[in-house]
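Taking it in order: structure first as C-alpha coordinates, then the write-up.
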Protein chains: 2
Amino acid sequence: MTQLDITGHLDATEETTEQSPKLGRKRDHTRDPEILDAALEVLAETGYDGMTIDMVAARAKAGKATLYRRWPSKGELIIDAIACMKQVDYSRLPDTGSLRGDLIAMIKPPSIKDGQRKLQIMAGLMSMLSHDPGLADAANAAIIEPRAAATRALMQRAIDRGQIPADCEIEVLSQISAAMAAYRVLILRKPVDRDFLISLIDGVVMPAVGLGRPNGQTG
Amino acid sequence: MTQLDITGHLDATEETTEQSPKLGRKRDHTRDPEILDAALEVLAETGYDGMTIDMVAARAKAGKATLYRRWPSKGELIIDAIACMKQVDYSRLPDTGSLRGDLIAMIKPPSIKDGQRKLQIMAGLMSMLSHDPGLADAANAAIIEPRAAATRALMQRAIDRGQIPADCEIEVLSQISAAMAAYRVLILRKPVDRDFLISLIDGVVMPAVGLGRPNGQTG
DNA sequence: AAGATCCGAAACTCAAGAGTATCGTATATG
DNA sequence: CATATACGATACTCTTGAGTTTCGGATCTT
(Lines give C-alpha, C1' and ligand atoms only; values in the text may rest on other atoms or scores of the structure.)
Protein backbone atom coordinates (compact mmCIF):
# COMPACT_ATOMS: atom_id res chain seq x y z
CA MET A 1 0.00 0.00 0.00
CA THR A 2 2.93 2.27 0.50
CA GLN A 3 5.10 2.41 -2.55
CA LEU A 4 6.84 5.64 -2.12
CA ASP A 5 10.17 6.97 -3.15
CA ILE A 6 10.49 10.30 -4.83
CA THR A 7 13.18 12.14 -3.00
CA GLY A 8 14.55 14.65 -5.40
CA HIS A 9 12.36 15.46 -8.34
CA LEU A 10 11.34 11.97 -9.24
CA ASP A 11 13.60 9.86 -11.51
CA ALA A 12 14.93 8.37 -8.27
CA THR A 13 13.98 4.79 -8.86
CA GLU A 14 16.48 3.12 -6.58
CA GLU A 15 15.27 2.90 -3.02
CA THR A 16 18.06 1.07 -1.29
CA THR A 17 17.77 1.13 2.45
CA GLU A 18 21.36 2.19 3.03
CA GLN A 19 22.48 5.78 3.20
CA SER A 20 25.65 7.21 1.83
CA PRO A 21 28.02 7.81 4.74
CA LYS A 22 28.18 11.53 4.30
CA LEU A 23 29.82 13.15 7.23
CA GLY A 24 27.21 12.67 9.90
CA ARG A 25 24.32 13.58 7.68
CA LYS A 26 21.16 12.08 8.96
CA ARG A 27 18.06 11.01 7.11
CA ASP A 28 17.46 12.76 3.87
CA HIS A 29 14.13 14.27 3.08
CA THR A 30 12.25 11.23 4.24
CA ARG A 31 9.15 13.19 5.07
CA ASP A 32 8.69 14.43 1.53
CA PRO A 33 6.06 11.90 0.45
CA GLU A 34 3.91 12.54 3.48
CA ILE A 35 4.15 16.28 2.98
CA LEU A 36 3.25 16.03 -0.69
CA ASP A 37 0.35 13.78 0.16
CA ALA A 38 -0.85 16.23 2.76
CA ALA A 39 -0.57 19.02 0.21
CA LEU A 40 -2.76 17.12 -2.25
CA GLU A 41 -5.30 16.37 0.43
CA VAL A 42 -5.61 19.97 1.49
CA LEU A 43 -5.62 21.08 -2.12
CA ALA A 44 -8.49 18.74 -2.93
CA GLU A 45 -10.43 19.88 0.09
CA THR A 46 -9.99 23.64 0.01
CA GLY A 47 -8.62 24.60 -3.39
CA TYR A 48 -5.36 26.32 -4.21
CA ASP A 49 -6.25 29.72 -2.86
CA GLY A 50 -7.97 28.44 0.22
CA MET A 51 -5.13 26.23 1.30
CA THR A 52 -2.38 27.53 3.53
CA ILE A 53 1.10 26.27 4.19
CA ASP A 54 0.16 25.91 7.83
CA MET A 55 -2.67 23.58 6.90
CA VAL A 56 -0.32 21.38 4.93
CA ALA A 57 2.27 21.39 7.67
CA ALA A 58 -0.30 20.51 10.31
CA ARG A 59 -1.77 17.75 8.16
CA ALA A 60 1.68 16.27 7.65
CA LYS A 61 2.55 16.80 11.31
CA ALA A 62 5.54 18.81 10.16
CA GLY A 63 6.82 22.27 10.88
CA LYS A 64 6.18 25.05 8.47
CA ALA A 65 9.89 25.72 8.24
CA THR A 66 10.47 22.16 7.10
CA LEU A 67 8.36 22.80 4.05
CA TYR A 68 10.27 25.95 3.23
CA ARG A 69 13.59 24.18 3.69
CA ARG A 70 12.53 21.89 0.92
CA TRP A 71 10.42 23.96 -1.45
CA PRO A 72 10.94 27.63 -2.22
CA SER A 73 7.27 28.56 -2.36
CA LYS A 74 3.71 27.37 -2.12
CA GLY A 75 3.46 27.19 -5.89
CA GLU A 76 6.52 25.00 -6.24
CA LEU A 77 5.24 22.70 -3.53
CA ILE A 78 1.98 22.19 -5.35
CA ILE A 79 3.62 21.60 -8.69
CA ASP A 80 5.89 19.03 -7.09
CA ALA A 81 2.98 17.40 -5.32
CA ILE A 82 1.08 17.03 -8.55
CA ALA A 83 4.08 15.74 -10.45
CA CYS A 84 4.81 13.14 -7.79
CA MET A 85 1.19 12.14 -7.42
CA LYS A 86 0.54 8.47 -6.98
CA GLN A 87 -0.97 6.93 -10.07
CA VAL A 88 -3.15 3.95 -10.61
CA ASP A 89 -1.34 1.70 -13.00
CA TYR A 90 -2.52 2.02 -16.57
CA SER A 91 0.46 0.25 -18.04
CA ARG A 92 -1.23 -3.11 -18.26
CA LEU A 93 -4.43 -2.54 -20.14
CA PRO A 94 -7.24 -5.03 -19.85
CA ASP A 95 -7.66 -7.38 -22.81
CA THR A 96 -11.05 -8.99 -22.83
CA GLY A 97 -11.29 -9.39 -26.57
CA SER A 98 -13.99 -6.79 -27.10
CA LEU A 99 -13.92 -3.02 -26.86
CA ARG A 100 -16.92 -2.97 -24.54
CA GLY A 101 -15.29 -5.52 -22.26
CA ASP A 102 -12.07 -3.57 -22.17
CA LEU A 103 -13.80 -0.31 -21.40
CA ILE A 104 -15.85 -1.87 -18.63
CA ALA A 105 -12.80 -3.62 -17.26
CA MET A 106 -11.29 -0.18 -16.69
CA ILE A 107 -14.12 0.63 -14.30
CA LYS A 108 -12.91 -0.59 -10.95
CA PRO A 109 -13.60 0.86 -7.51
CA PRO A 110 -9.99 2.01 -7.06
CA SER A 111 -10.10 3.58 -10.49
CA ILE A 112 -13.34 5.41 -9.70
CA LYS A 113 -12.03 6.64 -6.40
CA ASP A 114 -8.80 7.75 -8.00
CA GLY A 115 -10.73 9.61 -10.66
CA GLN A 116 -12.93 11.33 -8.12
CA ARG A 117 -9.92 12.54 -6.19
CA LYS A 118 -8.16 13.77 -9.29
CA LEU A 119 -11.22 15.75 -10.26
CA GLN A 120 -11.34 17.37 -6.86
CA ILE A 121 -7.73 18.36 -7.30
CA MET A 122 -8.43 19.73 -10.74
CA ALA A 123 -11.28 21.76 -9.32
CA GLY A 124 -8.93 23.22 -6.75
CA LEU A 125 -6.45 24.15 -9.45
CA MET A 126 -8.94 25.38 -12.03
CA SER A 127 -8.70 29.11 -11.44
CA MET A 128 -4.89 28.93 -11.41
CA LEU A 129 -4.50 26.99 -14.64
CA SER A 130 -5.07 30.05 -16.79
CA HIS A 131 -2.35 32.01 -15.08
CA ASP A 132 0.36 29.43 -14.45
CA PRO A 133 1.39 27.42 -17.51
CA GLY A 134 3.75 25.29 -15.46
CA LEU A 135 0.92 24.26 -13.22
CA ALA A 136 -1.30 23.54 -16.18
CA ASP A 137 1.36 21.35 -17.75
CA ALA A 138 1.98 19.45 -14.53
CA ALA A 139 -1.73 18.87 -14.02
CA ASN A 140 -2.15 17.66 -17.55
CA ALA A 141 0.79 15.29 -17.42
CA ALA A 142 -0.13 13.80 -14.06
CA ILE A 143 -3.91 13.87 -14.05
CA ILE A 144 -5.34 14.05 -17.53
CA GLU A 145 -3.00 12.42 -19.97
CA PRO A 146 -2.38 8.99 -18.36
CA ARG A 147 -6.02 8.00 -18.37
CA ALA A 148 -6.66 9.55 -21.77
CA ALA A 149 -3.75 7.60 -23.25
CA ALA A 150 -5.08 4.35 -21.83
CA THR A 151 -8.54 4.83 -23.30
CA ARG A 152 -7.09 5.88 -26.61
CA ALA A 153 -4.97 2.75 -26.73
CA LEU A 154 -8.01 0.58 -26.09
CA MET A 155 -9.82 2.12 -29.01
CA GLN A 156 -6.88 1.97 -31.33
CA ARG A 157 -6.57 -1.71 -30.57
CA ALA A 158 -10.21 -2.20 -31.46
CA ILE A 159 -9.54 -0.53 -34.79
CA ASP A 160 -6.48 -2.67 -35.39
CA ARG A 161 -8.57 -5.75 -34.72
CA GLY A 162 -11.17 -4.55 -37.18
CA GLN A 163 -13.83 -4.44 -34.51
CA ILE A 164 -14.74 -0.83 -35.07
CA PRO A 165 -14.48 1.36 -38.17
CA ALA A 166 -11.09 2.91 -38.77
CA ASP A 167 -12.60 6.32 -39.34
CA CYS A 168 -13.99 6.58 -35.80
CA GLU A 169 -13.11 9.83 -34.14
CA ILE A 170 -10.95 8.24 -31.49
CA GLU A 171 -9.68 11.53 -30.16
CA VAL A 172 -13.14 12.70 -29.29
CA LEU A 173 -14.65 9.36 -28.32
CA SER A 174 -11.85 8.50 -25.93
CA GLN A 175 -12.54 11.72 -24.07
CA ILE A 176 -16.22 11.12 -23.54
CA SER A 177 -15.96 9.23 -20.28
CA ALA A 178 -13.50 11.66 -18.77
CA ALA A 179 -15.42 14.70 -19.96
CA MET A 180 -18.80 13.46 -18.79
CA ALA A 181 -17.38 12.39 -15.45
CA ALA A 182 -15.75 15.76 -14.97
CA TYR A 183 -18.92 17.56 -15.95
CA ARG A 184 -20.96 15.43 -13.59
CA VAL A 185 -18.67 15.87 -10.61
CA LEU A 186 -17.47 19.43 -11.03
CA ILE A 187 -20.47 21.13 -12.54
CA LEU A 188 -23.52 18.99 -11.87
CA ARG A 189 -22.04 18.03 -8.51
CA LYS A 190 -23.38 14.53 -8.64
CA PRO A 191 -21.39 11.38 -7.90
CA VAL A 192 -19.91 9.23 -10.63
CA ASP A 193 -20.59 5.57 -10.04
CA ARG A 194 -20.21 2.36 -11.97
CA ASP A 195 -23.72 2.46 -13.37
CA PHE A 196 -23.25 5.92 -14.78
CA LEU A 197 -20.03 4.96 -16.51
CA ILE A 198 -21.59 1.82 -17.97
CA SER A 199 -24.59 3.75 -19.25
CA LEU A 200 -22.11 6.07 -20.92
CA ILE A 201 -20.39 3.18 -22.64
CA ASP A 202 -23.61 1.49 -23.73
CA GLY A 203 -25.64 4.60 -24.44
CA VAL A 204 -23.03 6.76 -26.12
CA VAL A 205 -19.66 5.27 -26.92
CA MET A 206 -20.72 1.92 -28.31
CA PRO A 207 -23.50 3.34 -30.48
CA ALA A 208 -21.13 6.01 -31.73
CA VAL A 209 -18.69 3.41 -33.04
CA GLY A 210 -21.50 1.43 -34.66
CA LEU A 211 -21.74 -1.35 -32.11
CA GLY A 212 -24.78 -0.35 -30.18
CA ARG A 213 -28.19 0.70 -31.29
CA PRO A 214 -29.68 -1.06 -34.34
CA ASN A 215 -29.70 1.61 -36.95
CA GLY A 216 -32.99 2.99 -38.11
CA GLN A 217 -34.39 5.84 -40.05
CA THR A 218 -32.47 8.86 -41.24
CA GLY A 219 -33.63 12.16 -39.92
CA MET B 1 -35.20 23.70 -14.72
CA THR B 2 -37.48 26.71 -14.82
CA GLN B 3 -35.94 30.13 -14.64
CA LEU B 4 -33.83 32.19 -12.39
CA ASP B 5 -35.22 34.97 -10.20
CA ILE B 6 -33.10 34.17 -7.15
CA THR B 7 -33.25 37.02 -4.65
CA GLY B 8 -34.94 40.27 -5.24
CA HIS B 9 -32.71 42.43 -7.35
CA LEU B 10 -32.29 42.42 -11.09
CA ASP B 11 -34.96 43.86 -13.36
CA ALA B 12 -32.35 46.52 -13.83
CA THR B 13 -31.36 44.99 -17.14
CA GLU B 14 -34.37 46.49 -18.80
CA GLU B 15 -34.25 50.05 -19.93
CA THR B 16 -37.31 51.61 -18.35
CA THR B 17 -37.46 55.00 -19.96
CA GLU B 18 -35.26 57.40 -21.81
CA GLN B 19 -33.51 59.59 -19.31
CA SER B 20 -30.82 62.25 -19.41
CA PRO B 21 -28.32 60.68 -21.79
CA LYS B 22 -24.76 61.15 -20.64
CA LEU B 23 -24.63 63.81 -18.01
CA GLY B 24 -27.14 61.98 -15.94
CA ARG B 25 -26.19 60.49 -12.64
CA LYS B 26 -29.50 59.33 -11.45
CA ARG B 27 -30.31 58.67 -7.86
CA ASP B 28 -31.40 55.11 -8.07
CA HIS B 29 -28.87 52.36 -8.45
CA THR B 30 -28.43 52.96 -12.11
CA ARG B 31 -24.84 51.84 -12.07
CA ASP B 32 -25.73 48.35 -10.93
CA PRO B 33 -25.62 46.67 -14.34
CA GLU B 34 -22.23 48.14 -15.16
CA ILE B 35 -20.86 47.08 -11.81
CA LEU B 36 -22.23 43.57 -12.13
CA ASP B 37 -20.83 43.33 -15.63
CA ALA B 38 -17.45 44.48 -14.40
CA ALA B 39 -17.61 41.89 -11.64
CA LEU B 40 -18.25 39.13 -14.15
CA GLU B 41 -15.43 40.34 -16.34
CA VAL B 42 -12.92 40.36 -13.53
CA LEU B 43 -14.24 37.05 -12.27
CA ALA B 44 -13.76 35.44 -15.65
CA GLU B 45 -10.27 36.86 -15.98
CA THR B 46 -8.82 36.23 -12.55
CA GLY B 47 -11.06 33.82 -10.69
CA TYR B 48 -12.97 34.37 -7.50
CA ASP B 49 -10.00 34.38 -5.16
CA GLY B 50 -7.81 36.41 -7.43
CA MET B 51 -10.31 39.16 -7.95
CA THR B 52 -10.49 42.14 -5.62
CA ILE B 53 -13.23 44.64 -4.97
CA ASP B 54 -10.86 47.36 -6.10
CA MET B 55 -10.46 45.66 -9.45
CA VAL B 56 -14.20 45.56 -9.93
CA ALA B 57 -14.61 49.16 -8.84
CA ALA B 58 -11.86 50.33 -11.14
CA ARG B 59 -13.27 48.35 -14.06
CA ALA B 60 -16.69 49.87 -13.50
CA LYS B 61 -15.15 53.31 -12.93
CA ALA B 62 -16.89 53.36 -9.60
CA GLY B 63 -15.75 53.90 -6.06
CA LYS B 64 -15.20 50.98 -3.78
CA ALA B 65 -17.62 52.47 -1.29
CA THR B 66 -20.33 52.49 -3.92
CA LEU B 67 -20.11 48.73 -4.18
CA TYR B 68 -20.37 48.33 -0.42
CA ARG B 69 -23.33 50.68 -0.27
CA ARG B 70 -25.11 48.28 -2.53
CA TRP B 71 -23.84 44.78 -1.61
CA PRO B 72 -22.82 43.68 1.84
CA SER B 73 -19.86 41.57 0.77
CA LYS B 74 -17.80 40.29 -2.08
CA GLY B 75 -19.62 37.00 -2.04
CA GLU B 76 -23.05 38.61 -2.28
CA LEU B 77 -21.88 40.77 -5.15
CA ILE B 78 -20.73 37.74 -7.10
CA ILE B 79 -23.90 35.79 -6.44
CA ASP B 80 -25.94 38.76 -7.60
CA ALA B 81 -23.75 39.21 -10.65
CA ILE B 82 -24.25 35.61 -11.67
CA ALA B 83 -27.97 35.69 -11.04
CA CYS B 84 -28.40 38.85 -13.10
CA MET B 85 -26.14 37.63 -15.87
CA LYS B 86 -27.27 38.45 -19.35
CA GLN B 87 -28.55 35.39 -21.16
CA VAL B 88 -28.72 34.49 -24.76
CA ASP B 89 -32.30 33.76 -25.52
CA TYR B 90 -33.14 30.07 -25.55
CA SER B 91 -36.87 30.59 -25.33
CA ARG B 92 -37.46 30.28 -29.07
CA LEU B 93 -35.79 27.09 -30.13
CA PRO B 94 -34.84 26.53 -33.74
CA ASP B 95 -37.15 24.28 -35.69
CA THR B 96 -35.54 22.96 -38.84
CA GLY B 97 -37.48 19.75 -38.99
CA SER B 98 -34.58 17.47 -38.13
CA LEU B 99 -32.68 16.93 -34.90
CA ARG B 100 -29.35 17.48 -36.60
CA GLY B 101 -30.57 20.70 -38.14
CA ASP B 102 -31.87 21.93 -34.81
CA LEU B 103 -28.67 21.08 -32.99
CA ILE B 104 -26.55 22.78 -35.61
CA ALA B 105 -28.85 25.77 -35.64
CA MET B 106 -27.96 26.28 -32.00
CA ILE B 107 -24.33 26.79 -32.97
CA LYS B 108 -24.05 30.47 -33.67
CA PRO B 109 -21.11 32.77 -33.10
CA PRO B 110 -22.90 34.66 -30.30
CA SER B 111 -23.82 31.35 -28.72
CA ILE B 112 -20.24 30.09 -28.89
CA LYS B 113 -18.89 33.30 -27.47
CA ASP B 114 -21.47 33.25 -24.72
CA GLY B 115 -20.56 29.67 -23.87
CA GLN B 116 -16.87 30.44 -23.77
CA ARG B 117 -17.44 33.28 -21.37
CA LYS B 118 -19.67 31.23 -19.12
CA LEU B 119 -17.06 28.52 -18.95
CA GLN B 120 -14.44 31.04 -17.92
CA ILE B 121 -16.73 32.19 -15.18
CA MET B 122 -17.36 28.63 -14.07
CA ALA B 123 -13.62 28.07 -13.94
CA GLY B 124 -13.23 31.06 -11.70
CA LEU B 125 -15.94 29.78 -9.40
CA MET B 126 -14.92 26.14 -9.41
CA SER B 127 -13.01 26.00 -6.16
CA MET B 128 -15.77 27.89 -4.37
CA LEU B 129 -18.63 25.72 -5.53
CA SER B 130 -17.88 22.98 -3.04
CA HIS B 131 -17.95 25.34 -0.11
CA ASP B 132 -20.79 27.70 -0.95
CA PRO B 133 -24.09 26.03 -1.84
CA GLY B 134 -25.73 29.34 -2.62
CA LEU B 135 -23.06 30.11 -5.17
CA ALA B 136 -23.37 26.66 -6.67
CA ASP B 137 -27.12 27.05 -7.01
CA ALA B 138 -26.82 30.48 -8.59
CA ALA B 139 -24.21 29.24 -11.04
CA ASN B 140 -26.30 26.27 -11.99
CA ALA B 141 -29.47 28.29 -12.50
CA ALA B 142 -27.80 31.01 -14.54
CA ILE B 143 -25.09 29.18 -16.43
CA ILE B 144 -25.76 25.49 -16.72
CA GLU B 145 -29.47 24.86 -16.69
CA PRO B 146 -30.74 27.21 -19.41
CA ARG B 147 -28.64 25.68 -22.14
CA ALA B 148 -29.19 22.15 -20.87
CA ALA B 149 -32.95 22.68 -20.89
CA ALA B 150 -32.84 23.92 -24.47
CA THR B 151 -30.90 20.92 -25.73
CA ARG B 152 -33.15 18.56 -23.79
CA ALA B 153 -36.22 20.14 -25.36
CA LEU B 154 -34.77 19.68 -28.84
CA MET B 155 -34.23 15.99 -28.22
CA GLN B 156 -37.61 15.46 -26.64
CA ARG B 157 -39.19 17.01 -29.68
CA ALA B 158 -37.28 14.60 -31.92
CA ILE B 159 -38.67 11.74 -29.87
CA ASP B 160 -42.19 13.12 -30.05
CA ARG B 161 -41.85 13.33 -33.80
CA GLY B 162 -40.69 9.76 -33.93
CA GLN B 163 -37.37 10.75 -35.44
CA ILE B 164 -35.27 9.09 -32.79
CA PRO B 165 -36.00 6.12 -30.53
CA ALA B 166 -37.99 6.88 -27.40
CA ASP B 167 -35.54 5.00 -25.21
CA CYS B 168 -32.63 7.29 -26.00
CA GLU B 169 -30.84 8.46 -22.92
CA ILE B 170 -31.77 12.06 -23.37
CA GLU B 171 -30.43 13.15 -20.03
CA VAL B 172 -26.94 12.01 -20.88
CA LEU B 173 -27.00 12.80 -24.59
CA SER B 174 -28.16 16.34 -24.06
CA GLN B 175 -25.18 16.96 -21.84
CA ILE B 176 -22.58 15.76 -24.30
CA SER B 177 -21.98 19.05 -26.06
CA ALA B 178 -21.77 21.02 -22.85
CA ALA B 179 -19.56 18.46 -21.14
CA MET B 180 -17.16 18.09 -24.03
CA ALA B 181 -16.96 21.82 -24.51
CA ALA B 182 -16.25 22.34 -20.84
CA TYR B 183 -13.64 19.60 -20.86
CA ARG B 184 -12.00 21.06 -23.91
CA VAL B 185 -11.88 24.61 -22.62
CA LEU B 186 -11.24 24.11 -18.94
CA ILE B 187 -9.07 21.02 -18.90
CA LEU B 188 -7.59 20.57 -22.35
CA ARG B 189 -7.36 24.35 -22.71
CA LYS B 190 -8.16 24.31 -26.37
CA PRO B 191 -10.69 26.54 -28.09
CA VAL B 192 -14.19 25.37 -28.92
CA ASP B 193 -15.19 26.29 -32.44
CA ARG B 194 -17.99 25.49 -34.82
CA ASP B 195 -16.15 22.58 -36.42
CA PHE B 196 -15.56 20.92 -33.09
CA LEU B 197 -19.20 21.18 -32.13
CA ILE B 198 -20.34 19.83 -35.48
CA SER B 199 -17.96 16.89 -35.26
CA LEU B 200 -19.47 16.20 -31.86
CA ILE B 201 -22.95 16.15 -33.31
CA ASP B 202 -22.04 14.02 -36.32
CA GLY B 203 -19.47 11.82 -34.64
CA VAL B 204 -21.14 11.19 -31.31
CA VAL B 205 -24.66 12.43 -30.77
CA MET B 206 -26.23 11.43 -34.07
CA PRO B 207 -24.69 7.95 -34.12
CA ALA B 208 -25.73 7.48 -30.51
CA VAL B 209 -29.38 8.09 -31.37
CA GLY B 210 -29.19 5.76 -34.36
CA LEU B 211 -29.03 8.39 -37.06
CA GLY B 212 -25.38 8.41 -37.88
CA ARG B 213 -23.02 5.65 -38.71
CA PRO B 214 -24.45 2.77 -40.76
CA ASN B 215 -24.43 -0.05 -38.30
CA GLY B 216 -22.07 -2.87 -38.95
CA GLN B 217 -20.28 -5.71 -37.31
CA THR B 218 -20.65 -6.77 -33.70
CA GLY B 219 -17.51 -6.82 -31.72
C1' DA C 1 -30.29 79.22 -5.71
C1' DA C 2 -30.47 76.32 -1.58
C1' DG C 3 -30.71 72.03 0.29
C1' DA C 4 -30.59 67.14 0.10
C1' DT C 5 -28.36 63.15 -1.83
C1' DC C 6 -25.52 60.31 -4.12
C1' DC C 7 -21.14 59.40 -6.00
C1' DG C 8 -15.79 58.66 -6.68
C1' DA C 9 -11.53 58.96 -4.57
C1' DA C 10 -8.59 57.96 -1.11
C1' DA C 11 -7.06 57.23 3.53
C1' DC C 12 -7.81 54.08 7.08
C1' DT C 13 -8.44 49.65 10.16
C1' DC C 14 -8.02 44.98 10.66
C1' DA C 15 -7.20 40.05 9.77
C1' DA C 16 -4.93 36.50 7.45
C1' DG C 17 -1.42 34.29 5.22
C1' DA C 18 3.38 33.94 2.85
C1' DG C 19 7.79 33.59 4.04
C1' DT C 20 11.81 34.06 7.73
C1' DA C 21 14.36 33.41 11.90
C1' DT C 22 15.17 31.23 16.25
C1' DC C 23 15.49 27.63 19.56
C1' DG C 24 15.12 23.37 21.93
C1' DT C 25 15.17 18.53 20.87
C1' DA C 26 15.82 14.08 18.75
C1' DT C 27 18.92 11.03 16.53
C1' DA C 28 22.49 8.98 13.80
C1' DT C 29 27.41 8.74 13.57
C1' DG C 30 31.88 8.09 15.52
C1' DC D 1 29.48 10.41 25.21
C1' DA D 2 30.13 14.17 21.84
C1' DT D 3 28.95 16.34 17.71
C1' DA D 4 26.56 17.61 13.78
C1' DT D 5 22.35 18.07 11.63
C1' DA D 6 17.53 17.81 10.58
C1' DC D 7 13.30 18.46 12.59
C1' DG D 8 8.87 20.68 15.08
C1' DA D 9 7.28 24.47 17.16
C1' DT D 10 6.68 29.18 17.47
C1' DA D 11 7.27 33.98 17.24
C1' DC D 12 8.06 37.36 13.96
C1' DT D 13 7.86 40.56 9.61
C1' DC D 14 5.52 42.17 5.66
C1' DT D 15 2.20 42.37 2.18
C1' DT D 16 -2.42 42.15 0.58
C1' DG D 17 -7.08 42.62 0.45
C1' DA D 18 -11.84 43.05 2.83
C1' DG D 19 -14.56 46.30 4.67
C1' DT D 20 -15.16 51.36 6.78
C1' DT D 21 -14.94 56.14 6.99
C1' DT D 22 -14.37 60.72 5.34
C1' DC D 23 -14.77 64.42 2.14
C1' DG D 24 -15.22 67.38 -1.85
C1' DG D 25 -17.94 67.75 -5.74
C1' DA D 26 -21.68 66.72 -8.92
C1' DT D 27 -26.75 66.04 -9.61
C1' DC D 28 -31.61 66.24 -8.64
C1' DT D 29 -35.43 68.48 -6.21
C1' DT D 30 -37.93 72.34 -4.67
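Order of the sequence lines fixes the chain letters, A, B, ..., with proteins taken first and strands second; residue numbering starts at 1 for each chain. Any value given below was found using the heavy atoms of this structure, including those in side chains, with hydrogens, waters and symmetry copies removed.
- Taking the side-chain hydrogen bond (donor to acceptor under 3.5 Å, both in side chains) definition, one finds that A/Thr96 meets it with A/Asp102, sequence neighbours left out.
- Residue A/Arg31 has no polar side-chain atom (N or O) positioned under 4.0 Å from OP1 or OP2 of D/dA6.
- B/Val192 is listed as a side-chain neighbour of B/Leu197, based on a closest heavy-atom distance under 4.5 Å.
- Across the protein-nucleic acid pair, A/Glu34 atom CD and D/dC7 atom C1' stand 13 Å apart, rounded to whole Å.
- Under the side-chain hydrogen bond (donor to acceptor under 3.5 Å, both in side chains) criterion, A/Asp195 pairs with no residue, sequence neighbours left out.
- As a whole-Å value, the separation of A/Arg70 CZ from D/dG8 C1' is 18 Å.
- With sequence neighbours excluded, no residue forms a side-chain hydrogen bond (donor to acceptor under 3.5 Å, both in side chains) with A/Gln116.
- The phosphate of C/dG8 (OP1 or OP2) has a side-chain N or O of B/Thr66 nearer than 4.0 angstrom.
- In terms of the side-chain contact (heavy atoms from CB on, under 4.5 Å) criterion, residue partners of A/Arg59 (sequence neighbours excluded) are, by chain and number, A/Ala38, A/Glu41, A/Val42, A/Glu45.
- Counting only residues at least two apart or on different chains, the side chain to side chain donor-acceptor pair (under 3.5 Å) pairs with a member in residues 131-146 of chain A are A/Glu145-A/Arg152.
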What protein N or O atoms touch nucleotides 16-21 of chain D N or O atoms at under 3.5 angstrom, if any, and at what distances?
unit_1 : atom_1 : unit_2  : atom_2 : d
D/dA18 : OP1    : B/Met51 : O      : 3.2
D/dA18 : OP1    : B/Lys74 : NZ     : 3.3
D/dA18 : OP2    : B/Ile53 : N      : 3.2
D/dG19 : OP2    : B/Tyr68 : OH     : 3.1
D/dG19 : OP2    : B/Lys74 : N      : 3.0
D/dG19 : N7     : B/Lys64 : NZ     : 3.1
D/dG19 : O6     : B/Lys64 : NZ     : 2.6

